[in-house]
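What follows is one structure encoded as structure tokens, with my remarks underneath.
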2 protein chains.
Amino acid sequence: MREGPDIARVATLIGDPARANMLTALMTGKALTASELAAEAGVTVQTASTHLAKLLDGELLQMRKQGRHKYFALAHADVAATIEALMGLAAGQGATRTRTGPKDAQMRQARVCYNHLAGQMGVQMFTSMRDRNFIWERGEDLGLTPQGETFVTGFGVALDGLTAARAPLCRRCLDWSERRTHLAGSLGRAMLAQMEALAWVRRDKGSRALLFSQAGQRAFTAAFPN
Amino acid sequence: MREGPDIARVATLIGDPARANMLTALMTGKALTASELAAEAGVTVQTASTHLAKLLDGELLQMRKQGRHKYFALAHADVAATIEALMGLAAGQGATRTRTGPKDAQMRQARVCYNHLAGQMGVQMFTSMRDRNFIWERGEDLGLTPQGETFVTGFGVALDGLTAARAPLCRRCLDWSERRTHLAGSLGRAMLAQMEALAWVRRDKGSRALLFSQAGQRAFTAAFPN
DNA sequence: CGAATGCTTCGGTTAACGTCGAACTATGCG
DNA sequence: CGCATAGTTCGACGTTAACCGAAGCATTCG
């Protein structure tokens with residue numbers, strides 16, 4: 001009776017609590033094994049196995065075998081974007097499952113979203129770079145200006161490998177907590193990777209929160225002033 | 001076991017075929033009565049009633065009573081954006097429920113998305129206005145330049161009423177078929193309304209497709225050249 | 001006031017699906 | 001080659017929730 005793509009199919013796929021937990025866990029961008037995902041979702045491995053098969057079939061996940069392990073990751077950035085959108089809706093109706101604790105504040109300040117920096121600090125990095133004309137915008141497209149390339153290279157990120165890939169260098173990602181744009185794409189991932197290499201920040205084990213060191217925090221505000 | 005908003009709850013809500021059909025039907029932006037939605041979804045009114053109650057409870061819909069009718073609409077633009085994102089995923093995996101027919105091509109060319117123009121022509125309108133400096137962009141924010149205000153007013157849209165409202169004048173909306181930005185927000189709605197008033201275009205009854213007349217098509221390309 | 005229409009609530013049936021224990025296959029290690 | 005670990009398949013159970021018929025409110029109209 002209706003036209004258009006079958007939205008119910010994919011929504012049902014995401015709608016199961018176990019599968020939603022798996023997807024949320026994968027929002028960090030890190031690939032996880034089947035048993036790790038089972039633990040994340042709070043189900044036995046055999047249940048997890050069927051869920052993962054469905055997610056693969058629905059093309060929400062990609063998988064690669066490595067020895068006797070299977071590593072799962074989100075299929076592509078669109079999946080991450082859709083999940084962020086759903087989080088935005090869910091957050092709006094105040095239905096955070098766990099009561100908001102210290103972890104939650106941490107998450108709002110800085111967290112990892114599909115391997116790039118999100119939260120207040122993610123937004124700050126983006127706006128700071130844009131306001132200094134390091135990033136140009138044109139509709140949905142983003143890119144680095146010449147000054148931006150200099151800045152990024154000076155920051156320690158090698159652009160050669162990034163621009164060679166067919167994935168876009170810069171991408172917009174809408175933050176579900178801030179409701180503002182932050183930087184995604186291969187550059188967004190590289191920037192976060194470099195901050196980790198500089199020991200500004202480390203990932204919280206078992207959540208998406210990012211923990212900045214005191215020195216890292218200072219260096220960050222110096223590098224990306226408001 | 002997991003942190004963050006309860007994404008499964010809202011996804012389950014969208015995941016039922018009947019409810020998904022209702023939401024899709026409401027993507028036009030038009031408010032529909034309970035029985036109309038029942039027909040759209042292909043269920044009896046009593047089943048539709050329970051579904052609608054759940055969608056209201058989940059804050060995906062808003063409702064207003066009018067006489068012995070109840071009119072339902074999407075709660076806010078974020079809901080529409082999320083559904084578009086899901087459509088993008090579903091379309092990607094080639095799972096369009098109905099075989100692609102002439103209707104489908106029509107839909108890709110021009111359709112209504114939450115009361116504004118979407119599809120190829122929606123994208124064209126946006127890019128054309130942006131390239132002529134009628135619209136400025138700054139991160140997630142959009143707005144009309146002085147030249148843009150002149151143009152829009154000349155087009156027959158009164159800006160006074162729009163800017164007074166607290167809803168944003170310009171908004172980005174990501175097209176699921178084109179994967180490009182088109183113009184949403186109150187201005188996007190007003191532009192489409194004006195095109196309908198000028199009889200450039202009329203809505204296809206029973207689908208989201210927009211049917212441009214020959215003259216309307218010509219006038220459109222003149223007003224929004226590539 | 002009835003009669004008609006739009007929507008809701010109740011009860012009971014049915015189907016789908018998530019869940020786990022147990023048995024099975026595959027890979028790696030000593 | 002055994003043994004351990006990672007992942008899958010099978011079967012049975014239980015819960016959930018969608019569905020409709022029928023009866024119940026609410027609103028409008030003659």
Side-chain angles (χ1 to χ4, degrees), chain A residues 1-2 6-26 30-58 60-73 75 95 97, chain B residues 1-2 6-26 30-75 95 97:
Chain A
M1 348 286 39
R2 290 267 82 225
D6 190 356
I7 170 187
R9 191 182 133 83
V10 42
T12 306
L13 219 44
I14 306 178
D16 177 77
R19 287 192 294 259
N21 282 333
M22 292 176 175
L23 291 169
T24 309
L26 290 171
K30 239 178 42 177
L32 298 177
T33 68
S35 4
E36 286 170 331
L37 285 168
E40 288 287 349
V43 293
T44 61
V45 284
Q46 59 269 32
T47 333
S49 178
T50 66
H51 284 309
L52 289 169
K54 289 180 187 180
L55 288 171
L56 275 181
D57 181 61
L60 293 186
L61 294 187
Q62 60 181 113
M63 184 264 291
R64 68 169 191 275
K65 287 186 67 169
Q66 211 165 94
R68 54 179 169 181
H69 291 277
K70 284 192 175 183
Y71 283 93
F72 294 86
R97 203 166 352 165
Chain B
M1 300 93 250
R2 290 266 81 226
D6 190 356
I7 171 185
R9 191 181 132 81
V10 43
T12 306
L13 219 45
I14 306 178
D16 178 77
R19 287 194 292 261
N21 282 334
M22 292 176 174
L23 292 168
T24 309
L26 290 171
K30 240 179 44 178
L32 298 177
T33 67
S35 0
E36 286 171 331
L37 285 168
E40 287 287 350
V43 293
T44 62
V45 284
Q46 58 268 34
T47 345
S49 178
T50 67
H51 283 309
L52 289 168
K54 289 181 187 180
L55 288 170
L56 275 181
D57 182 62
E59 296 179 33
L60 293 186
L61 295 187
Q62 61 181 116
M63 185 264 291
R64 68 170 193 275
K65 286 184 67 168
Q66 210 164 94
R68 55 181 167 182
H69 291 276
K70 284 192 173 181
Y71 283 93
F72 294 87
L74 298 186
R97 205 168 348 168

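These numbers come from the heavy atoms of this one structure, side chains and all, not from hydrogens, waters or symmetry mates. Below, chains carry the letters A, B, ... as their sequence lines are ordered, and counting in each starts from 1.
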Quiz item: OH of A:Y71 versus P of C:dT27: gap in Å, rounded?
Solution: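 About 16 Å, once rounded to whole Å.
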Quiz item: Given atom CD of A:Q46 and atom C1' of C:dT19, what is their separation to the nearest angstrom?
Solution: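 To the nearest whole Å, that distance equals 9 Å.
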Provide a list of protein-nucleic acid N or O atom pairs under 3.5 angstrom, restricted to nucleotides 12-18 of chain C.
from, atom 1, to, atom 2, distance (Å)
C:dG18, OP1, A:R19, NH2, 3.2
C:dG18, OP2, A:K54, NZ, 2.5

Practice problem: Walk along DNA chain D from 5' to 3' and tell me the first and last nucleotide with an atom closer than 4.0 Å to a non-hydrogen atom of chain A. | Solution: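 Going 5' to 3' along DNA chain D, contacts run D:dA4 to D:dT9.
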Quiz item: Going by heavy atoms in the side chains, are B:L26 and B:L37 under 4.5 Å from each other?
Solution: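 In short, these two side chains touch, coming nearer than 4.5 Å.
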Show the nearest heavy-atom pair for residues [X] and [Y], with the distance to one decimal.
X	Y	value
B:A20	A:I7	CB-CG2, 3.9 Å
A:G58	A:R9	CA-NH2, 4.0 Å
B:E40	B:N21	O-CB, 4.2 Å
B:A41	B:A18	CB-O, 3.5 Å
A:F72	A:A34	CE1-CB, 3.9 Å
A:L56	A:L61	CD2-O, 3.4 Å

Practice problem: Using the test side-chain contact (heavy atoms from CB on, under 4.5 Å), find all partners of A:T47 that sit at least two apart in sequence or belong to another chain. | Solution: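 Per chain and number, A:T47 pairs via side-chain contact (heavy atoms from CB on, under 4.5 Å) with A:V43, A:T44, A:H51.
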Quiz item: Would one find a side-chain N or O of A:K65 under 4.0 angstrom from OP1 or OP2 of C:dT27?
Solution: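 True: A:K65 side-chain N/O within range (under 4.0 Å) of C:dT27 OP1/OP2.
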